[in-house]
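These notes concern the structure reproduced below.
By convention in this document, chain letters (A, B, ...) are assigned in the order of the sequence lines, proteins followed by strands, and residues within each chain are numbered from 1.
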2 protein chains.
Amino acid sequence: MLEAAARVIARHGVRGLRVEELAAEAGVSTALIYYHFKNRQGILRATLDFINDRAERYTTDRVADASSLDARGELEQTLLLEFQDSPEVRENSTAWGELRASAVFEPELRKDLARATLVWVQDVAELLGKLHPVAGAGALAQAAERLTALVEGLSTRWLSGSLPLAHARTLMKEAIDAELVRLGNQR
Amino acid sequence: MLEAAARVIARHGVRGLRVEELAAEAGVSTALIYYHFKNRQGILRATLDFINDRAERYTTDRVADASSLDARGELEQTLLLEFQDSPEVRENSTAWGELRASAVFEPELRKDLARATLVWVQDVAELLGKLHPVAGAGALAQAAERLTALVEGLSTRWLSGSLPLAHARTLMKEAIDAELVRLGNQR
DNA sequence: GTCTATATCAGGATAGAC
DNA sequence: GTCTATCCTGATATAGAC
C-alpha cells in the first residue's frame, strides 16, 4: 500500500496524488484508504515517512558495504547514491524533490524538511572531516552544504530531463574534487 | 493582470493557481480572465512567458550596470542575482523552481526548460572563460553546469525555508572560489 | 470588455452493508 | 477490513445581460 503510494507520487507528484488512483494502484477501494489513513494529508505523511525509512535503509546498506572503502570512496558513494536509475531510487529522489518544492508553498512541511536536511549535511560534513581532519568545523559544514545542495540541484535537473544521469554523476564527482582541493588549500 | 498572475503563482505555485484567486488579485471577474486567456493552461503559458521576459529584462539591466565591473564581479553578480529578497526576484525564482519541479511530471515542459538552461549555462561558461582564457571548453562548461545547478539547489532551499538568504549568498560566493581555484589548477 | 449568474465536473470524504 | 454507493465541496468554464 505504501509502496503503491510511493509509485503514484513518483508518477504525478505530491500535488498530483489522486486518492482514487492510489486505490486503483493498490488494488483496493478508496474507502479502505480512508480507513487506514485519516485523510489525504495522512496518506502523504505516512508515505513520506515510508520513503524516509527506505532511504535510511539503503543508506545503511551502503555504509555496511563501505567498510571496505576508504573515506573518499565512502563520501562519493553517499553523494552519488541519488544518481541511479533504479525505480526505488528514482521514487525516493522524486519524492524528496517534491517535498522540497512543496515546502515553498506549504510552511507546515518546512520543519521536518529542515531537520532532515541538517542530518544529511552533518553526515557529509563528518565524512569530509575524515579526509581533512585539520579543517575547521565551519569550513567542513559549508562544503557539506554546498555538496548536498548540488545533489538536489543536479537531481532535479536529471529528473526533469535536462541532464543525462551519467553526466550528473561526473559533475558530482568533480564537485567533490573541487571542494576537497579547497579544503586542502585552507589548511 | 500578468503581474497579478505572477504574484499568485509565487504565493501558491503553478499547481496551486486558482483562477478565482487570480481574478480577485487582479480585481476583475473570473469570466474576464477566461475572455482574455482561453483556459487555465493559457493563463499559465502567458504568465510563464511574461516571467521569462521579465527575467531577461533584469538580466540585461544587470549587464548594463556591469560595464564598470571586472569579470569576477560580473560572474558573481550573475550567479547571485537570484538571491535577493525583492518581490520580483522572489517571484521569478519561485516560478523557475516550480517550472523545474513541474517538468519532472510534465514532459511537455521539458524542451523549453532544457533550452533555457542551456543558454544560462553557456552564459556562465563564457564569463568563466574570461577569467581563465586557457581553460578547455569542456572544463568551463562543466564548471558552469555545477555553478548553475548549485544556484537552483540553494535557491530552493532558501525559498523552502531551510537556508537563510545571507548564508546562501556566502555559500555561492565560495563555490565560485572553489571552481576558479579548480580551473586554475588544471592550467 | 466586463459583469452576474450558473452549469459542470473532478476529487475528497463518508455511510452503511457485508 | 473491505466493498458499493453516494454526498459534498471547491474549482473550471460558459451563457447571456449590459
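In this structure, the side-chain contact (heavy atoms from CB on, under 4.5 Å) partners of A168(A), at least two apart in sequence or on a different chain, are F83(A), L163(A). Take A144(A) and apply the side-chain contact (heavy atoms from CB on, under 4.5 Å) test, not counting sequence neighbours, and it matches V121(A), V124(A), A125(A), L128(A).
Classification of R7(B) and E3(B) as a salt-bridged pair fails, no side-chain N sitting under 4.0 Å from a carboxylate O. One finds no salt bridge joining D70(B) and K130(B) here, because no Lys/Arg side-chain nitrogen approaches an Asp/Glu carboxylate oxygen to under 4.0 Å.
Contact check for Y35(A) versus L32(A): side-chain heavy atoms found under the 4.5 Å cut-off. Looking only at side-chain heavy atoms (C-beta outward), L147(A) and I176(A) come within less than 4.5 Å of each other.
Proximity of residues 29-43 of chain B to DNA chain C (heavy atom under 4.0 angstrom from any strand atom) is restricted to S29(B), A31(B), L32(B), Y35(B), H36(B).
The salt bridge (charged side-chain N to carboxylate O under 4.0 Å, His left out) contacts involving residues 86-98 of chain A comprise R15(A)-E98(A), R54(A)-E91(A), D85(A)-R90(A), E98(A)-R15(B), where partners must be two or more places apart or lie in separate chains. Applying the salt bridge (charged side-chain N to carboxylate O under 4.0 Å, His left out) definition to pairs two or more places apart or across chains, those involving residues 143-157 of chain A are R100(A)-E152(A), R146(A)-E179(A), E152(A)-R157(B), R157(A)-E152(B).
In summary, contact between chain A and DNA chain D, defined as any nucleotide atom under 4.0 Å from a heavy atom of the protein, begins and ends at dG1(D) to dT4(D) in the 5' to 3' direction.
Note on L22(A): nothing from the nucleic acid sits closer than 4.0 angstrom, heavy atoms only.
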